[in-house]
Amino acid sequence: MYRTHTCGELRSDDVEQTVILCGWVDSTRDHGKGLFIDLRDRYGVTQAVVLPDRGEELLAKSKQIRNEFVLKIEGTVHRRPAGQENPRHQSGEIEVHIDSLEVLNRCEVPPFLPSQPEMPGEDLRLKHRYLDLRRRGMQTTLELRSKIIKTMRDYFEEHQFIDVETPILGRSTPEGARDYLVPSRVHPGSFYALPQSPQLYKQIMMVAGYDRYVQVARCFRDEDLRADRQPEFTQLDMEMSFVDSDDVIGMVDGLMARLVKQLRGVDLPLPLPRMTYDEAMRRFGHDAPDLRYGMEIEDCTDLAAEAEFRVFRSVAEAGNFVRGINARQAADRYSRKGIDELTEFVQHDFGAKGLAWFKVTEEGTLASPIAKNFPDTLLERFKERMGGEPGDLILFIADSWDTSCRALNGLRRRLASELKLYDPDEMHFSWVVEFPMFERDEETHRWVAMHHPFTAPRDEDIRQLKDSPEHCRAKAYDLVVNGYEAGGGTIRIHDQAIQQDVFGLLGMSPEEAQGRFGFLLDALKYGAPPHGGIALGIDRVVMLFGGLENIRDCIAFPKTQRAMDLMTEAPNTVAKEQLKELGLNLAQPPAQNPTKN
RNA sequence: GGCCCGGUAGCUCAAUUGGUUAGAGUACUGGACUGUCGAUCCAGUGGUUGCGGGUUCGAGUCCCGUCCGGGUCGCCA
């Protein structure tokens with residue numbers, strides 16, 4: 001028998017029991033005639049003691065022990081001497097007096113210790129992920145992840161969903177993100193694509209009559225990485241038949257309440273609040289606003305139009321916008337230099353032309369280098385519109401709608417973080433609904449689907465599909481948590497005529513559409529029920545419930561910003577024979593393996 | 001692809017606006033110690049300052065290039 005207990009479960013009730021524990025050496029404290037060993041596994045840490053009276057042999061053996069050795073110890077559980085309990089460990093009231101000890105495996109001197117107080121560099125953590133995953137923080141996160149997925153599966157099972165796996169090797173559909181491609185050996189020159197999501201398959205499941213489908217699905221997108229984006233990620237993907245937006249949203253509301261109850265022991269009030277896309281852009285400049293704090297955008301374009309200040313007036317006259325936010329009581333927190341940094345930030349990151357600012361003085365007036373360009377009465381109206389109180393810092397962006405949205409959202413997030421306007425433990429759930437059906441492609445000026453081309457328009461917008469597509473809103477909904485898009489979904493088009501109209505708007509002929517999505521269009525002809533669904537980003541949900549700042553910490557084996565796995569050194573070159581078998585020639589010789597530097 | 005930050009001992013960091021032999025904590029090695037829990041005390045090993053080039057009497061420090069890690073804009077239906 002390897003062990004009778006784990007390193008996290010012994011308590012004072014177990015005193016006098018003979019036990020066997022296995023685990024890794026977290027640390028040792030050598031006192032000469034005896035020594036202490038903290039033995040660790042994923043359940044906890046138990047202190048084991050080699051007492052001075054247990055003989056030379058055991059003592060000598062125990063002195064060979066080093067950090068991260070794998071041990072099996074046998075001994076008896078004892079209550080610790082009074083006053084020597086360690087409240088930092090759950091097993092801190094007891095210790096195991098070692099009778100015999102076996103080194104199951106040695107460990108080379110590790111590049112870092114799982115229990116060391118300083119966090120090692122991320123590249124080192126990823127290279128030696130097996131050591132990193134021994135850290136308590138990673139264990140906690142992976143346990144949380146497992147619990148979240150279990151809760152999701154239980155919930156959907158209770159609601160009659162059926163878990164169906166869909167192919168990983170699929171077909172490239174040139175909409176959306178860049179595909180990861182897999183060459184076919186059997187069909188030289190042809191490629192599979194890894195799924196960006198199981199979107200089309202789950203719709204086909206609906207046609208097939210499996211009216212409630214769910215899957216924990218791995219998805220792949222070959223785009224640049226971010227703190228919250230990995231090339232390979234996991235979605236909780238679901239789809240339902242005979243439903244409209246409210247049904248899908250309600251189902252996810254229930255799931256979120258279940259998760260919050262299960263993981264935080266709190267009742268989440270339902271239904272979750274909803275806001276339209278237009279309102280989100282107007283009030284927050286972003287389709288996934290962080291609602292843990294206020295600092296909403298106010299539109300002052302009408303006031304700007306009255307100003308002699310040319311920057312403001314010309315923007316207003318050109319049909320653009322002067323909008324601002326009020327950072328309450330932040331006037332003292334941002335010096336002239338600090339505001340210069342904010343200016344550079346909005347110019348550089350969002351292409352804003354500039355940043356106009358006012359500080360509300362003790363006397364209640366607006367102070368700013370540009371204040372002299374405004375009559376006092378107008379300044380007063382700006383202040384009133386922005387709700388300015390003494391000590392506030394008011395910031396304005398005068399620019400196009402898009403740029404002002406982007407810049408103000410950027411400012412809002414940055415200021416909230418710097419001013420600590422939110423409790424990092426708090427979670428705020430909401431929905432953003434009624435997204436536009438289409439948006440203009442900047443380069444080609446053609447309409448492109450904002451979500452995907454199968455998204456259904458709102459019933460009341462179908463009439464204007466052809467005449468004014470820009471006003472056409474979709475049955476689309478995003479779940480937003482703390483300023484992150486945690487998930488998104490739509491009701492799909494099940495009407496052939498509408499689907500063809502949408503394709504037409506997107507500049508796709510029926511033949512072209514047939515070529516790209518023929519299998520889906522065919523399926524939709526054979527009795528497709530009204531249906532819709534949603535996909536939740538599980539990695540992000542874990543990140544949010546875990547209060548973490550990047551998605552890599554939620555994934556056992558993540559990739560770096562350059563999409564490398566530092567442990568396995570994937571991707572890597574392959575043998576010439578493998579390429580030949582696939583009928584592939586490299587246009588360029590492969591680059592030197594970058595990790596070798 | 002652009003911009004920003006970082007790379008110094010195994011690890012985490014320091015090193016005066018370019019100036020002596022690049023330091024500290026920790027880990028590691030050896031020794032001491034009967035109750036520690038970030039054990040303590042003593043001693044020791046450990047460096048191509050990511051890599052390549054340049055400026056200079058002199059470069060960890062300045063310049064150019066490059067690689068790696070991170071953040072971000074573009075991108076991500």
Side-chain angles (χ1 to χ4, degrees), chain A residues 26-38 45-54 59 63 66-68 78 80-89 91-92 95 97 108-113 115-128 131 173-178 196-197 199 219-231 233 341 344-351 406-407 410 413-414 435 437-439 441-443 447-455 474 476 485 488 490 506 537 549-550 552 559-562 564 566 591-597:
Chain A
D26 201 52
S27 68
T28 59
R29 293 174 292 283
D30 188 345
H31 285 252
K33 297 282 192 295
L35 59 82
F36 298 92
I37 299 168
D38 282 351
V45 175
T46 296
Q47 171 165 283
V49 195
V50 175
L51 291 166
D53 61 2
R54 299 297 156 106
L59 186 66
K63 280 180 182 286
R66 293 293 178 269
N67 284 328
E68 299 306 311
H78 287 258
R80 293 193 190 189
Q84 296 199 2
E85 298 83 3
N86 186 347
R88 284 174 54 206
H89 294 142
S91 65
E95 62 191 8
H97 294 182
E108 289 187 17
V109 177
F112 61 90
L113 292 172
S115 54
Q116 75 180 44
E118 316 92 4
M119 186 68 106
E122 192 153 1
D123 44 349
L124 205 69
R125 291 175 55 202
L126 293 175
K127 181 168 180 190
H128 303 279
L131 296 178
T173 52
E175 293 281 321
R178 199 175 292 115
Q196 296 178 24
S197 79
Q199 180 62 42
C219 307
F220 307 86
R221 292 178 191 176
D222 187 6
E223 298 291 347
D224 286 346
L225 285 71
R226 285 287 186 284
D228 63 347
R229 260 164 38 193
Q230 280 274 306
F233 60 102
E341 281 172 18
E344 199 179 320
F345 170 61
V346 295
Q347 289 173 331
H348 179 267
D349 274 19
F350 309 105
R406 269 197 264 259
R413 285 174 192 254
R414 176 170 170 160
F435 281 73
M437 284 285 287
F438 310 100
E439 57 189 347
D441 184 295
E442 295 280 334
E443 286 164 22
W447 292 113
V448 293
M450 192 154 180
H451 207 86
H452 56 64
F454 314 107
T455 303
E485 180 195 331
T490 63
L506 297 174
E549 287 178 349
N550 86 63
R552 294 182 299 281
K559 302 207 169 24
T560 67
Q561 196 164 66
R562 294 187 63 249
M564 290 272 307
L566 294 183
Q592 288 281 323
N593 187 335
T595 59
K596 295 296 185 202
N597 289 316

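We name chains A, B, ... by the order of the sequence lines, and we start the count at 1 in each one.
Atoms CD1 (A:Ile37) and C1' (B:G35) sit 14 Å apart, rounded to a whole Å. Distance A:Arg414 CZ to B:G71 P: 17 Å, rounded to the nearest Å. The distance from atom NE2 of A:His348 to atom C1' of B:C5 is 13 Å, rounded to the nearest whole Å. Spacing between atom CD of A:Glu108 and atom C1' of B:G10 amounts to 12 Å, rounded to whole angstrom units. At whole-Å resolution of the value, CD in A:Gln561 and P in B:G6 are 16 Å apart. Atoms NE2 (A:His128) and P (B:G10) sit 12 Å apart, rounded to a whole Å. Atom P of nucleotide B:G38 and atom NE2 of A:His89 are separated by 8 Å, given to the nearest angstrom. Distance, A:Asp228 CG to B:U72 C1': 11 Å, rounded to whole Å.
With C1' as the reference atom, B:U55 and B:C62 are 8 Å apart, rounded to whole Å. When the P atom is compared between B:G47 and B:A9, the two are found 10 Å apart, to the nearest whole Å. Taking the P atom of each, B:A59 and B:G19 are spaced 11 Å apart, rounded to whole Å. B:A27 and B:U12: their C1' atoms are spaced 11 Å apart (whole Å). On the P atoms, B:G70 is 24 Å away from B:C64, given to the nearest whole Å. Distance check on atom C1': B:C73 versus B:A14 gives 34 Å, rounded to whole Å. Between B:U49 and B:A22, the two C1' atoms lie 8 Å apart (nearest whole Å). Comparing the C1' positions of B:A15 and B:G25 gives an interatomic distance of 15 Å, to the nearest angstrom.
Among the protein residues, A:Gln84 comes within range of the nucleic acid bases, having at least one heavy atom under 4.0 Å from a base atom. Looking at heavy-atom distances under 4.0 Å, A:Leu51 makes contact with a base. In this structure, A:Pro81 reaches the bases: a heavy-atom distance under 4.0 Å links it to at least one base atom across the strands shown. When heavy atoms are screened at a 4.0 angstrom cut-off, A:Arg178 is found touching no nucleic acid atom at all. Among the atoms of the strands shown, none is found under 4.0 Å from any heavy atom of A:Arg125. Among the atoms of the strands shown, none is found under 4.0 Å from any heavy atom of A:Ser115. Using a 4.0 Å heavy-atom cutoff across all strands shown, A:Glu95 reaches at least one base atom of the nucleic acid. Nucleic acid contact class of A:Asp349 (heavy atoms, under 4.0 Å, all strands): sugar-phosphate only.
Across every strand in view, B:G46 sits unpaired, with no contact that passes the Watson-Crick or G-U test at under 3.5 angstrom. With a 3.5 Å ceiling on both atom-pair distances, B:U55 lacks any Watson-Crick or G-U wobble partner. A 3.5 Å limit on both hydrogen-bonding distances identifies no Watson-Crick or G-U partner for B:A14. The partner of B:C3 is B:G71, by the rule that a Watson-Crick or G-U pair needs both atom distances under 3.5 Å. Using N1 to N3 plus N6-O4 or O6-N4 for Watson-Crick, or N1-O2 and O6-N3 for G-U wobble, each under 3.5 Å, B:A22 pairs with nothing. Across all strands shown, B:G60 remains unpaired; no Watson-Crick or G-U wobble contact has both distances below 3.5 Å. Remark: B:C41 base-pairs with B:G31. Criterion, Watson-Crick or G-U wobble with two distances under 3.5 Å.
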Quick one, A:Asp349 with A:Arg406, criterion salt bridge (charged side-chain N to carboxylate O under 4.0 Å, His left out). Give me CA distance, side-chain angles, the key distance, then yes/no. CA-CA 9 Å; A:Asp349 274 19; A:Arg406 269 197 264 259; over 6 Å; no

A:Gln196/A:Glu223 under side-chain contact (heavy atoms from CB on, under 4.5 Å): CA gap, chis, key distance, verdict: CA-CA 11 Å; A:Gln196 296 178 24; A:Glu223 298 291 347; over 6 Å; no

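Contact check for A:Pro110 versus A:His128: no side-chain heavy atoms found under the 4.5 Å cut-off. A heavy-atom distance below 4.5 Å is found between the side chains of A:Arg29 and A:Asp38. For the pair A:Pro81/A:Glu95, a side-chain contact is recorded, criterion being any heavy-atom separation below 4.5 Å from C-beta on. A heavy-atom distance below 4.5 Å is not found between the side chains of A:Arg54 and A:Leu59.
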Expected string for nucleotides 22-34 of chain B under the B/S/- scheme (protein heavy atoms, under 4.0 Å, primed atoms plus P, OP1, OP2 as sugar-phosphate) is -----SSSS--BB

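Proximity note for A:Pro111 (side chain, C-beta onward) versus B:G10, B:G74, B:G70: the nearest is B:G10. In this structure, the nucleotide among B:C76, B:G70, B:U36 sitting nearest to the side chain of A:Arg221 is B:C76. Closest contact between the side chain of A:Ser27 and the listed nucleotides B:A39, B:C75, B:G71 involves B:A39. Set against B:C76, B:C73, B:G70, the side chain of A:Phe350 has B:C73 as its closest nucleotide. Ranking B:C37, B:G35, B:C76 by closeness to the A:Glu223 side chain, first place goes to B:C76. Across B:A39, B:G1, B:C76, the shortest atom-to-atom separation from the side chain of A:Arg229 is found for B:C76. In this structure, the nucleotide among B:G1, B:G69, B:C76 sitting nearest to the side chain of A:Arg562 is B:G69.
For A:Glu344, the CD atom sits in a loose shell: 12 or fewer heavy atoms of surrounding residues, nucleotides or ligands are nearer than 6.0 Å. Within a 6.0 Å radius of CD in A:Glu118, other residues, nucleotides and ligands contribute more than 12 heavy atoms.
Across every non-hydrogen atom of A:Asn86 and A:Arg80, the tightest pair is CB-NH1, 3.5 Å.
Relative orientation of the A:His97 and A:His78 rings is parallel, given thresholds of 30° and 60° on the angle between their planes.
Here the rule is side chain to side chain contact (heavy atoms under 4.5 Å, CB included) with A:Phe438, and of A:Leu506, A:Val448, A:Thr455 only A:Leu506 fits it.
With centroids closer than 5.5 Å and planes inclined by less than 30 degrees as the test, A:Phe112 and the base of B:C11 fail to qualify as a stacked pair.
Listed pair A:Arg29 / B:A39 meets the phosphate criterion, a side-chain N or O lying under 4.0 Å from OP1 or OP2. Taking 4.0 angstrom as the limit, A:Arg226 places none of its side-chain polar atoms (N or O) nearer than this to OP1 or OP2 of B:C75.
Between A:Asp123 and A:Ala227, the residue anchored nearer the 5' end of RNA chain B, judged by the nucleotide with its closest heavy atom, is A:Asp123.
Taking only distance into account, the side chain of A:Asp224 meets the base of B:G74 through a donor-acceptor pair shorter than 3.5 Å.
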